[in-house]
Participant: 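Right, I'll just put the structure down here and ask away after.
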Amino acid sequence: MSKILLIDDQPMIRFATHVLLEREGFEIVGETENGVEGLSLARSLKPDLVILDIAVPKLDGLEVISRLSAQNPDARLLVLTSLPAALYANRCLQSGATGYISKQEQAISLVSAVKSVLSGYSLFPSSVNLPTTPESGQTGDTQLLDSLSDRELAVLQNLANGKNNKQIAEQLFISHKTVSTYKSRLMDKLKTRNLVDLIDFARRYALIS
């Protein structure tokens with residue numbers, strides 16, 4: 001029986017995933033709402049598969065993926081998220097994830113994804129890892145978003161969800177001053193005039209988890 005660890009800050013998602021996969025014969029050996037505990041549980045429980053969201057507190061999902069991959073290059077890591085694949089799937093792949101699936105998919109798709117990843121396959125949208133060309137249809141705004149670092153994108157995603165500096169600092173384990181620095185950098189990189197425009201930009205590209 002394959003052992004699975006769940007990392008997601010939404011209790012209902014964890015519950016639904018837990019019930020669904022247990023019905024399919026998988027063993028859920030642990031679950032948590034944050035990235036720090038997720039890393040600890042992964043080390044102690046040694047699951048066959050970790051299913052995680054990107055937008056989790058204390059340590060964002062991309063960082064969790066990178067650390068788990070560094071600890072165990074053979075780790076099977078399936079991202080289950082509501083964030084747009086166009087902006088995140090390739091980053092997850094580069095960080096070491098094995099698959100990427102949207103929370104909007106039907107339950108049967110998640111079961112299929114879990115079975116595929118555990119069987120040794122990688123599962124990503126077909127557009128992932130394709131070279132960017134003028135013919136690819138990528139907009140100027142999307143190119144700007146692609147230029148952001150993983151941490152900058154995490155700060156932007158938190159802003160889209162209405163979090164203030166204190167909440168973002170707690171979410172990402174950084175100082176208030178560092179959050180302010182990131183916000184200034186984001187406004188510069190994304191060519192927005194103020195914080196309101198920056199938040200509107202983020203919400204326009206569905207960075208709400």
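We number each residue from 1, following the sequence as shown.
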Participant: What are the two closest heavy atoms between Tyr100 and Leu78, and how far apart are they?
Facilitator: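 Distance-wise, the nearest heavy atoms are N-CD1, 3.8 Å.
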
Participant: In sequence, state the C-alpha distance, the side-chain angles, and the governing distance for Leu77 and Val50, and then conclude on side-chain contact (heavy atoms from CB on, under 4.5 Å).
Facilitator: CA-CA 5 Å; Leu77 308 170; Val50 177; 3.7 Å; yes

Participant: Measuring from Arg151:CZ to Arg185:CZ, what's the distance to the nearest 0.5 Å?
Facilitator: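 Taking CZ in Arg151 and CZ in Arg185, the distance rounds to 11.0 Å.
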
Participant: Return yes if some donor-acceptor pair links the side-chain N/O of Ser95 with the main-chain N/O of Arg91 below 3.5 Å, else return no.
Facilitator: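 Yes, the answer is positive, given that a donor and an acceptor are paired below the 3.5 Å cut-off.
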
Participant: Using 0.5 Å steps for rounding, measure from the CE atom of Met1 to the CZ atom of Phe26.
Facilitator: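 Spacing of CE (Met1) from CZ (Phe26) equals 10.0 Å.
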
Participant: State, to 0.1 Å, how close Gln157 and Asn161 come at their nearest heavy-atom pair, and which atoms those are.
Facilitator: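 Smallest interatomic distance, heavy atoms only, reads NE2-ND2, 2.7 Å.
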
Participant: Tell me, do Leu172 and Asn158 make a side-chain contact under 4.5 Å, heavy atoms counted?
Facilitator: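 A side-chain contact exists here, since the closest heavy-atom pair is under 4.5 Å.
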
Participant: Is there a side-chain contact (heavy atoms from CB on, under 4.5 Å) between Leu186 and Val155 once you walk through the steps?
Facilitator: CA-CA 9 Å; Leu186 284 165; Val155 171; 3.8 Å; yes

Participant: Is any side-chain N of the basic residue among Arg76 and Asp48 closer than 4.0 Å to the acidic one's carboxylate O?
Facilitator: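 Salt bridge flag = no for Asp48 with Arg76.
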
Participant: For the residue pair Thr178 and Thr181, confirm or rule out a side-chain donor-acceptor distance under 3.5 Å.
Facilitator: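 Thr178 vs Thr181: no donor-acceptor pair found between side chains.
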
Participant: Between Val179 and His176, is any pair of side-chain heavy atoms under 4.5 Å apart?
Facilitator: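 A side-chain contact is absent here, since even the closest heavy-atom pair is not under 4.5 Å.
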
Participant: Is there a donor-acceptor pair under 3.5 Å between the side chain of Lys46 and the backbone N or O of Arg43?
Facilitator: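 At least one qualifying donor-acceptor pair exists.
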
Participant: Under a 3.5 Å cutoff, is there a donor and acceptor pairing between the side chains of Lys58 and Gln171?
Facilitator: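 Note: Lys58 and Gln171 side chains miss the donor-acceptor criterion.
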
Participant: Side chains of Arg193 and Met187: closer than 4.5 Å at any heavy-atom pair?
Facilitator: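 A side-chain contact is absent here, since even the closest heavy-atom pair is not under 4.5 Å.
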
Participant: Nearest 0.5 Å, what's the CG-CD1 distance between Leu20 and Ile108?
Facilitator: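 Nearest 0.5 Å value for the CG-CD1 distance: 8.0 Å.
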
Participant: Between Cys92 and Val79, which heavy-atom pair has the shortest distance, and what is it?
Facilitator: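 Looking at all heavy atoms of both residues, the closest pair is SG-CG2, 3.8 Å.
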
Participant: May I have the step-by-step check of side-chain hydrogen bond (donor to acceptor under 3.5 Å, both in side chains) for Asn165 and Lys183, ending in yes or no?
Facilitator: CA-CA 9 Å; Asn165 280 25; Lys183 286 163 71 173; 2.6 Å; yes

Participant: Hey, could you give me the CZ/CD distance between Arg14 and Gln10, rounded to the nearest 0.5 Å?
Facilitator: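 Going from CZ on Arg14 over to CD on Gln10, the span is 9.5 Å.
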
Participant: Is there a path of hydrophobic side-chain contacts, each under 4.5 Å between heavy atoms of I/L/V/M/F/W/Y residues, joining Val56 to Tyr88?
Facilitator: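 Shared cluster, yes.
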
Participant: So, the side chain of Ser69 versus the backbone of Ser66: is there a donor-acceptor pair under 3.5 Å, distance only?
Facilitator: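 No, Ser69 side chain to Ser66 backbone: no donor-acceptor pair under 3.5 Å.
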
Participant: For Pro57 versus Asp9, what's the shortest heavy-atom pair and its separation?
Facilitator: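 Heavy atoms of Pro57 and Asp9 come nearest at CD-CB, 3.6 Å.
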
Participant: Say you draw a straight line from CG of Leu159 to CD of Gln167; how long is it, rounded to the nearest 0.5 Å?
Facilitator: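 Going from the CG atom of Leu159 to the CD atom of Gln167 covers 10.5 Å.
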
Participant: Specify the closest pair of heavy atoms between Leu41 and Glu31, including all atoms of both residues, with the distance to one decimal.
Facilitator: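 Taking every non-hydrogen atom into account, CD1-O, 4.0 Å.
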
Participant: Give the C-alpha distance, both sets of side-chain angles, the deciding distance and a yes or no for side-chain contact (heavy atoms from CB on, under 4.5 Å) between Val114 and Ile51.
Facilitator: CA-CA 9 Å; Val114 168; Ile51 300 177; 3.9 Å; yes

Participant: Please say whether more than 12 non-hydrogen atoms of neighbouring residues, nucleotides or ligands are located less than 6.0 Å from CD in Gln106.
Facilitator: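 No - once you tally the heavy atoms of other residues, nucleotides and ligands closer than 6.0 Å, there are 12 at most.
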
Participant: Treating Thr192 as the side-chain partner and Asp188 as the backbone partner, does any N or O pair qualify as donor plus acceptor under 3.5 Å?
Facilitator: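 Answer holds: no.
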
Participant: Could you check if a side-chain atom of Asp60 sits within less than 4.5 angstrom of a side-chain atom of Leu62, using non-hydrogen atoms only?
Facilitator: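 A side-chain contact under 4.5 Å exists here.
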
Participant: For a 4.5 angstrom cut-off between non-hydrogen side-chain atoms, does Leu87 reach Pro84?
Facilitator: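 A side-chain contact exists here, since the closest heavy-atom pair is under 4.5 Å.
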
Participant: After noting the C-alpha distance and the side-chain angles of Ile4 and Val29, does the key distance pass the side-chain contact (heavy atoms from CB on, under 4.5 Å) rule?
Facilitator: CA-CA 6 Å; Ile4 297 176; Val29 294; 6.0 Å; no

Participant: If hydrophobic clusters are built from ILVMFWY residues whose side chains come within less than 4.5 Å, do Leu5 and Val117 share one?
Facilitator: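 No: no chain of side-chain contacts under 4.5 Å links Leu5 to Val117.
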
Participant: What distance do Lys191 atom NZ and Asp197 atom CG have between them, rounded to the nearest 0.5 Å?
Facilitator: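 Lys191 atom NZ to Asp197 atom CG measures 14.0 Å (nearest 0.5 Å).
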
Participant: Would you check if the side chain of Gln71 reaches a backbone N or O of Leu68 as a donor-acceptor pair within less than 3.5 Å?
Facilitator: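 Checking the backbone N and O of Leu68 against the side chain of Gln71, no donor-acceptor pair under 3.5 Å is found.
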
Participant: If you define the side chain from C-beta out and look only at heavy atoms, does anything of Lys189 sit under 4.5 Å from Leu148?
Facilitator: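 The answer is yes, as the side chains (C-beta and beyond) meet within the 4.5 Å cut-off.
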
Participant: Under a 4.5 Å cut-off applied to non-hydrogen side-chain atoms, are Leu59 and Leu39 in contact?
Facilitator: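 Contact flag for Leu59/Leu39 side chains = yes.
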
Participant: Between Asp53 and Lys103, is there a side-chain heavy-atom distance shorter than 4.5 Å?
Facilitator: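 The answer is yes; the side chains approach within 4.5 Å.
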
Participant: Any ion pair linking Glu24 and Lys115 (charged N to carboxylate O, less than 4.0 Å)?
Facilitator: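 A salt bridge is present here (some side-chain N lies under 4.0 Å from a carboxylate O).
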
Participant: So, does Ser119 use its side chain to make a donor-acceptor pair with the main chain of Tyr121 at under 3.5 Å?
Facilitator: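 Side chain of Ser119 to backbone of Tyr121: no pair is present.
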
Participant: Is the backbone N or O of Val19 less than 3.5 Å from a side-chain atom of Glu22, with the two atoms forming a donor-acceptor pair by type?
Facilitator: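 The answer is no, because no donor-acceptor pair under 3.5 Å joins these two groups.
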
Participant: Is the backbone N or O of Ile13 less than 3.5 Å from a side-chain atom of Thr17, with the two atoms forming a donor-acceptor pair by type?
Facilitator: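 Yes; at least one donor-acceptor contact below 3.5 Å.
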
Participant: Side-chain heavy atoms nearer than 4.5 Å, only ILVMFWY residues, links allowed to pass through others: does that put Leu52 and Ile28 together?
Facilitator: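 No, no single cluster joins them.
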
Participant: Taking a hydrophobic cluster as the set of Ile, Leu, Val, Met, Phe, Trp and Tyr residues connected by side-chain heavy atoms closer than 4.5 Å, whether directly or through intermediates, do Leu123 and Ile65 fall within one such cluster?
Facilitator: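 Leu123 does not cluster with Ile65.
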
Participant: Heavy atoms only: give me the nearest Ala113-Ile101 pair and the separation to one decimal.
Facilitator: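 Heavy atoms of Ala113 and Ile101 come nearest at CB-CD1, 3.9 Å.
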
Participant: Is it the case that one hydrophobic cluster holds both Leu21 and Leu45, taking links as side-chain heavy atoms less than 4.5 Å apart, direct or via other members?
Facilitator: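 No, separate clusters.
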
